[in-house]
Amino acid sequence: MYGFSEIEKKWQDRWYSSDLFLAKDDTSKPKYYPLIEFPYPSGSGLHVGHPRPYIALDIVARKRRMQGFNVLYCIGWDAFGLPTENYAIKNKLHPRIVSRGNIKRFKAQVKRLGISFDWSREIDTTDENYYKWTQWIFLQLFKKGLAYKSEAMVNWCTGCKVVLANEEVINGTCERCASEVVKKQKNQWMLRITKYAQRLIDDLDDVDYPYKVKTSQINWIGRSEGANMQFKTTAGDLFEVFTTRPDTIYGVTYIVIAPEHQFVQKWLGLAENATEVKDYVLTAARKTDIERTDLNKDKTGIQIKGIYAVNPINQTHIPIWVSDYVLTSYGTGVVMAVPAHDTRDFEFAKKYSLPIIDVVSSDLAPQEPPFTGKDGTIINSEMINGLSVADAREAVIKWLEENGLGRRSVNFKLRDWVFSRQRYWGEPIPIVNCPRCGYVPISESELPLRLPDIESFQQAETGESPLANVKSWVDVKCPECGSDAQRETDTMPQWAGSSWYFLRYCDPFNDRELISQQALKYWMPVDWYNGGMEHTTLHLLYSRFWHKFLYDIGVVHTKEPYAKRTSHGMILGENNEKMSKSRGNVVNPDDVLDQYGADTMRLYEMFIGDFESAASWDTNSIKGCSRFLERVFGLPQLLVGEQTTDFSSKLRSIINKTIKKVSADIEVMKFNTAIASLMSLLNEIYAVGELNRFELKIFLLLLCVFAPHISEEVWERCGFDGLACVQSWPGFCGADCQDSVVEIAVQVNGRIKTKILLSPDTKEEEAFRLAKENAIVRQAIAGGEISKEVYVPKSLINFVL
RNA sequence: GCCGGAAUGGCGAAAUGGCAGACGCACGGGACUUAAAAUCCCGGGAGGUAACACUCGUGCCGGUUCAAGUCCGGCUUCCGGCACCA
């Protein structure tokens, strides 16, 4: 074994004690800004999945430096969050202590990998000099009316007696204790992300994201076009529904309203069966999320008897039902049911024997309704009979608008972002609640609003934030009127600090502004952002929203924060399952590093398979990468000749081809095949048995982005000048990629018969002539007549008989 | 149900429509060794043959093409995400 532990230590010491990887605010050079998602420093330390993206973009960053770019490649810590706080509570420690310890451990682990991070720009979201600006952004959102407090339904864990974020609810149960989660009304801070819904869709056209990321964001935002339509009731009042199918207006046979809808209370007074309806509403409220959203369960509901809705187009009286399959939070909370053309309405209508009127006929319609397709002709619909679905839709919308009974409208699935947590370990929300003035922002000059140091982080039974107990912190004078007021005691969610951190890397120590204009204009946007698919509809969407807001108020100059996004596949355990402590299949990078070293681990993580797909860890396969590096270490023994600036004839072509392949593969994240081609080259060098100093140099330059320590070591031992990582990335000569003879497959009727050697620039007739001279070919075509001859230069010949 | 992705040796995987299985693991044989480990060399899709030849082979069925893992149409299975969004 080559002495990787000493070698790697030596080079890491040299790199990190010099300014080699520091980004320079040098605007004369072109910049490059690759970004990885900064980690949440959990208590369990790094597992082998964490470094996969770090290594991948390190390869890109190192290559860019060699290509003459000024590179900004950073890491930091997304350190606020629940697991840290829970651990602190359990072990009676301060979350800050826990967090510091975790960061220390993560940092030591990451440093062992030899990633070319600019450690001078390390950031920590829990640092008051950082969260000062997170709070500042919140204040701007508040001032623009995009942060507001409102009564909202939140997730309440019946076990922990605490409010949970949506992302902490797994299939209707608590992520931590697995108890049932119910909905509870609570006063919450919200961010108006819905105001940006359309732009979050539209501006995806301007960025280079994978198709699947764009489509998931679009689906999540969930834009639907349709119409809002007014219905009167027999009691004389008015309500609105949202529908995507105004063309089916004649097929409406009943109305369904969500149990929580305020109109239910209003209509109760008129209902003949008020008691039963009330019971139904109560039962629905008591249901857990699982019960409520289980699609397999039977739909339930109850008619409000004694009151009817009137179809605006034909004055038909139709019954009004209450059912919990209708959501309050989407559209108007009231639905016009068209059982003939909607699966849910159909199911409900069948169960309660409600009428079903077909209004769209189509050859594509199944035997049994409902037909939900849109290729059809309207029937049973007086005014619009015979029209296509699309035309009928336009006709009905026009009619609604002309008669003041409705309008064209768009709805989004996206909801406003519940932005408060009843927790200690987060950014305090910089708002004061004044009995006279309402919610008042604190002055920007008072930022950061520091988290007070407290003893107990345990939440109250009521689920109030632990900060509520700190009277000395809570009680303040109103910044507006000076009367006694109280601070907001909720804190921000973990997603706050990560929504803008990439801006701070550009200018991490600025205490006057979030980022200087100069740094902003030079470094932004992020050129290449790699992260996990799991953040597509969370962090990635949230940070795009914040960035657009900052753009609107003139803080940043680009509409989008990230020019290009890619995502890595997960590294699974040896049993093909997601790595987790409970499954007992976690591989600790420290063990791999101890046994094989950083270069082998880096190489293996990139060689394991397609970067964008999941891959299972295989302890055995690491050996292949280790063997490869052993052989690299032995390369100087094959050196022949003195200084030269040219290739030997034996290796000229393969080295040029390898330069070409490695260069191209890195750009499209095909690290596995880039490494495979380096392995092939090494095999060839050993087969040839010798190489010159120029060739060795090139080999090391290609390798040094993947396995930097060993490359520098061999570089130094061979007496090459300077450091490998500051040399220019090798170019290749197209002509030199050419072999002097190439093997051509000769097929007869598409079946390969033999192979012949030809010069790569052999002309067609010449190639056919030479092929036919071959004895095997001659025999194969004997007795047949050639009807077609195909020649693909450098590849094959096909004779069709 | 909807959206996205995948299916190729014993395993991880490669293949701008052009020789399927590069590269690596594991395995088998050989060399070195007292022996083992390490290292080096050789081998390998399946059937078939004494050996060739030949036949079959990239989830299934069809199509386009001189030529299909790759393109087109229709399925199946698996993985990931979303899900009563009217």
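Per chain, numbering begins at 1; letters A, B, ... match sequence-line order. These numbers come from the heavy atoms of this one structure, side chains and all, not from hydrogens, waters or symmetry mates. It should be emphasised that the depicted structure is a prediction, and the values quoted were computed from it without experimental measurement.
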Euclidean distance, atom CD1 of residue I218(A) to atom P of C82(B) [Å, nearest integer]: 17 Å
Mutual orientation of the aromatic rings belonging to Y2(A) and F633(A) [parallel < 30°, tilted 30-60°, perpendicular > 60°]: parallel
Residues touching RNA chain B, which here means a heavy atom under 4.0 Å, drawn from residues 570-579 of chain A: none
Rounded distance (Å) that lies between atom C1' of C52(B) and atom NZ of K753(A): 13 Å
Under 4.0 Å protein heavy-atom contacts per nucleotide of nucleotides 9-23 of chain B, with B for base, S for backbone only and - for none: ---BSSS--BB--BB
Value in whole Å for how far the P atom of A86(B) lies from CZ of F239(A): 18 Å
For E574(A), salt bridge (charged side-chain N to carboxylate O under 4.0 Å, His left out) partners two or more places apart: none
Pairwise C1' distance for G1(B) and C72(B), with rounding to whole Å: 27 Å
Along RNA chain B (nearest heavy atom to each residue), the more 5'-positioned of K788(A) and G333(A): K788(A)
From CA spacing to verdict: salt bridge (charged side-chain N to carboxylate O under 4.0 Å, His left out), R408(A), E394(A): CA-CA 9 Å; R408(A) 185 186 303 279; E394(A) 289 311 307; 2.8 Å; yes
Dump the pairs, protein N or O against N or O of nucleotides 29-31 of chain B, anything under 3.5 Å, distances to one decimal.
none

Just the atom pairs and distances: protein N or O near nucleotides 3-6 of chain B's N or O, under 3.5 Å.
from: C3(B); atom 1: O2'; to: N219(A); atom 2: ND2; distance (Å): 3.0
from: G4(B); atom 1: OP1; to: Y211(A); atom 2: OH; distance (Å): 3.2

Integer-rounded Å distance: G81(B) P and M533(A) CE: 10 Å
Pairing residues for Q262(A) by the side chain to side chain donor-acceptor pair (under 3.5 Å) criterion, not counting sequence neighbours: none
K413(A): salt bridge (charged side-chain N to carboxylate O under 4.0 Å, His left out) partners, not counting sequence neighbours: none
Rounded interatomic separation in angstrom, taking NE2 from H568(A) and P from G80(B): 16 Å
Pairing residues for R778(A) by the salt bridge (charged side-chain N to carboxylate O under 4.0 Å, His left out) criterion, not counting sequence neighbours: none
Distance-only polar pair, side chains of E37(A) and H539(A), donor-acceptor under 3.5 Å: no
Qualifying residues under side chain to side chain donor-acceptor pair (under 3.5 Å), relative to D342(A), sequence neighbours excluded: R344(A)
Whole-Å P distance, C11(B) and A26(B): 15 Å
Nucleotide of A86(B), C66(B), C54(B) approaching V326(A) most closely (side-chain heavy atoms): A86(B)
Residues Y791(A) and T762(A): side-chain donor-acceptor under 3.5 angstrom: no
Nearest-angstrom distance from the residue atom CD of E764(A) to C1' of C66(B): 13 Å
P339(A) and T253(A), any side-chain heavy atoms less than 4.5 Å apart: yes
Crowding at CG, D363(A) (>12 non-hydrogen neighbours, <6.0 Å): no
Please tabulate the protein-to-nucleotide N/O contacts below 3.5 Å involving nucleotides 37-40 of chain B, giving atom names and distances.
from: U39(B); atom 1: OP1; to: R627(A); atom 2: NE; distance (Å): 3.4
from: C40(B); atom 1: OP1; to: R631(A); atom 2: NH1; distance (Å): 3.4

Nearest-Å distance for atom pair CG/C1', residues D324(A) and A86(B): 15 Å
Chi class for G47(B): syn within 90° of 0, otherwise anti: anti
Nearest-angstrom distance, C1' atom, C79(B) to C84(B): 25 Å
P-based separation of A31(B) from G24(B) [nearest Å]: 24 Å
Neighbour count >12 (heavy atoms, 6.0 Å) for atom NZ, K772(A): yes
Output field: ring centroids F348(A)/Y254(A) closer than 6.0 Å: yes
Nearest-Å distance for atom pair NZ/C1', residues K374(A) and C2(B): 14 Å
Just list the side-chain donor-acceptor pairs under 3.5 Å for residues 653-660 of chain A, sequence neighbours left out, or say none.
from: S653(A); atom 1: OG; to: D739(A); atom 2: OD1; distance (Å): 2.8
from: N656(A); atom 1: OD1; to: C733(A); atom 2: N; distance (Å): 3.0
from: N656(A); atom 1: ND2; to: R652(A); atom 2: O; distance (Å): 2.8
from: K657(A); atom 1: NZ; to: D739(A); atom 2: OD2; distance (Å): 2.7
from: T658(A); atom 1: OG1; to: I654(A); atom 2: O; distance (Å): 2.6

Strand RNA chain B as a dot-bracket string - pairs counted if Watson-Crick or G-U with both distances under 3.5 Å, | where the partner lies in another strand: (((((((..(((.....[....))).(((((.......))))).(((......)))..(((((..]....))))))))))))....
Separation of the P atoms in U70(B) and C61(B), to the nearest angstrom: 13 Å
Distance, P atom - from A20(B) to U58(B), rounded to whole angstrom: 12 Å
Pair E766(A) + R769(A): basic N to acidic O under 4.0 Å: yes
Atom C1', compared across A7(B) and G57(B): separation rounded to whole Å: 16 Å
